[in-house]
Amino acid sequence: MVEQVAEMLHSSNHAVVFTGAGMSTESGLPDFRSKDRGLWEKFNPDELANVHALVHNEKEFTEFYRYRLREIDKYKPHRGHYILAEWEKKGIIKGIITQNVDAFHFDAGNETVLELHGSFHTFYCHTCKKRHEREAYLNGETICECGGTVRPGIVLFGEQLPQDTFQKAETLAKQADMMIVLGSSLMVSPANMFPIIAKENGAKLVIVNREPTDFDLYFDVVIRDLSVKEALIAIDEKLRELAR
Ligand code: APR
């Protein structure tokens with residue numbers, strides 16, 4: 001199957017990558033829904049990852065997001081992230097649509113990265129919107145001068161999604177002749193619609209995911225026996241052979 005994906009990539013003109021938390025587990029970051037190790041096994045997203053918690057449970061909310069930021073700061077992109085950056089530079093892929101907020105695709109060197117759920121790159125006051133520094137937040141400065149709560153620039157459950165980012169992602173998905181999904185359960189909408197949008201516009205679909213998803217039947221290739229990192233390394237090797 002790795003050969004098939006490499007050939008599909010080699011002959012595609014507008015390949016797009018879609019990533020979920022499974023893209024970053026091999027950097028050390030937990031995903032959300034893997035059995036017995038996903039983040040939502042330890043923390044209840046309904047209690048924490050939403051605007052209500054930010055307003056009415058500020059202490060726990062801030063504790064949770066400072067914990068996630070410390071986790072992200074402990075780890076870094078892995079070889080698979082760097083392969084995706086090389087592929088964009090070589091024109092093999094046109095960009096990445098990601099649900100991840102770790103900004104590892106930017107850190108690895110990708111430029112066209114559409115962060116559907118925002119990222120930990122920015123922090124701002126929920127009340128007056130004043131920007132705050134990531135370091136300050138990590139050091140515990142989590143209350144703004146105005147008295148409001150400083151929060152990360154990620155999209156919380158119950159918040160408006162970044163419409164401009166979604167528009168750009170939709171354009172990229174509609175132009176795709178191939179989409180590779182890496183490490184997502186495809187359980188969260190509307191993010192999970194992008195592979196379907198690509199398919200409806202004639203794209204071939206590939207997924208690399210350890211567990212089955214409800215959308216596997218739409219995919220032309222389903223790789224479950226290789227991890228995201230292993231699959232990217234293997235596909236990249238085949239691509240180099242084809243390019244010789
Ligand atoms: N290789 C292959 N698959 C992997 C790997 C890996 N190294 N690590 C994890 N996986 C798979 C898991 O089996 C799981 O099916 O990746 C998938 C990750 O799914 P989720 O944990 O649901 O993460 P994701 O799809 O990104 O969640 C979407 O949910 O909570 C919200 O906002 C949050 O952006 C997130 C959204």
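No donor-acceptor distance shorter than 3.5 angstrom exists from the side chain of Asp177 to the backbone of Ala203, with no hydrogens or angles considered. Judged purely by atom type and a 3.5 angstrom limit, Asn209 has no side-chain atom pairing as donor or acceptor with the backbone of Val181. Arg210 contributes no side-chain N or O that, together with a main-chain N or O of Ser227, makes up a donor-acceptor pair within less than 3.5 Å. Side chain of Gln163 to main chain of Leu161: a donor-acceptor pair is present (N/O by atom type, distance under 3.5 Å, no hydrogens or angles). When atom types are taken as modelled, the side chain of Arg131 and the backbone of Tyr124 share no donor-acceptor pair closer than 3.5 angstrom. Under the 3.5 Å distance criterion, the side-chain polar atoms of Ser27 are matched with a main-chain donor or acceptor of Lys76. Asp31 contributes no side-chain N or O that, together with a main-chain N or O of Gly22, makes up a donor-acceptor pair within less than 3.5 Å. Between the side chain of Glu88 and the backbone N or O of Glu111, at least one donor-acceptor pair lies under 3.5 Å.
Between Arg240 and Glu237, no side-chain nitrogen of the basic residue sits less than 4.0 Å from a carboxylate oxygen of the acidic one, so the salt-bridge criterion is not met. Taking 4.0 Å as the cut-off between side-chain N and carboxylate O, Lys74 and Glu71 count as a salt-bridged pair. With salt bridges taken as basic N to acidic carboxylate O contacts below 4.0 Å, none links Arg151 and Glu58. The pair Lys130-Glu145 meets the salt-bridge criterion, with a side-chain N (NZ, NE, NH1 or NH2) lying under 4.0 Å from an Asp/Glu carboxylate O. Remark: Asp220 engages Lys199 in a salt bridge, criterion side-chain N to carboxylate O under 4.0 Å.
Aromatic ring pairs are classed by plane angle as parallel below 30°, tilted from 30° to 60° and perpendicular above 60°; the pair Phe106 and His121 is parallel.
Listed here is the closest heavy atom pair of Phe219 and Pro195: CZ-CB, 4.1 Å. Of all the heavy atoms in Gln99 and Ser184, the pair that sits closest is NE2-OG, 2.9 Å.
Between the CG atom of Leu172 and the CE atom of Met179 there is a distance of 7.0 Å, given to the nearest 0.5 Å. In this structure, CD1 on Ile93 lies 5.0 Å from CG on Leu84, to the nearest 0.5 angstrom. Separating the CG atom in Leu54 from the OH atom in Tyr65 is a distance of 9.0 Å, to the nearest 0.5 Å. Once rounded to the nearest 0.5 Å, the distance linking CG of Asn100 with CD of Glu115 reads 9.0 Å.
No single ILVMFWY cluster, assembled from side-chain heavy atoms under 4.5 Å apart, contains both Ile180 and Ile197. Residues Val113 and Val155 fall into different hydrophobic clusters, defined by Ile, Leu, Val, Met, Phe, Trp and Tyr side chains chained together at heavy-atom separations under 4.5 Å. Residues Leu48 and Met187 fall into different hydrophobic clusters, defined by Ile, Leu, Val, Met, Phe, Trp and Tyr side chains chained together at heavy-atom separations under 4.5 Å.
The neighbour count for Asp164 CG, taken as heavy atoms of other residues, nucleotides or ligands under 6.0 Å away, is above 12. For Lys59, the NZ atom sits in a loose shell: 12 or fewer heavy atoms of surrounding residues, nucleotides or ligands are nearer than 6.0 Å.
There is a side-chain donor-acceptor pair under 3.5 Å between Asp236 and Trp87. If you check the side chains of Ser185 and Glu211, you find no donor sitting under 3.5 Å from an acceptor. A donor and an acceptor atom, one from each side chain of Asp216 and Thr213, are located under 3.5 Å apart.
Residues Lys90 and Leu239 have side chains not in contact (no heavy-atom distance under 4.5 Å, counting atoms from C-beta outward).
You'll find the ring centres of Phe120 and Phe104 outside the 6.0 Å limit.
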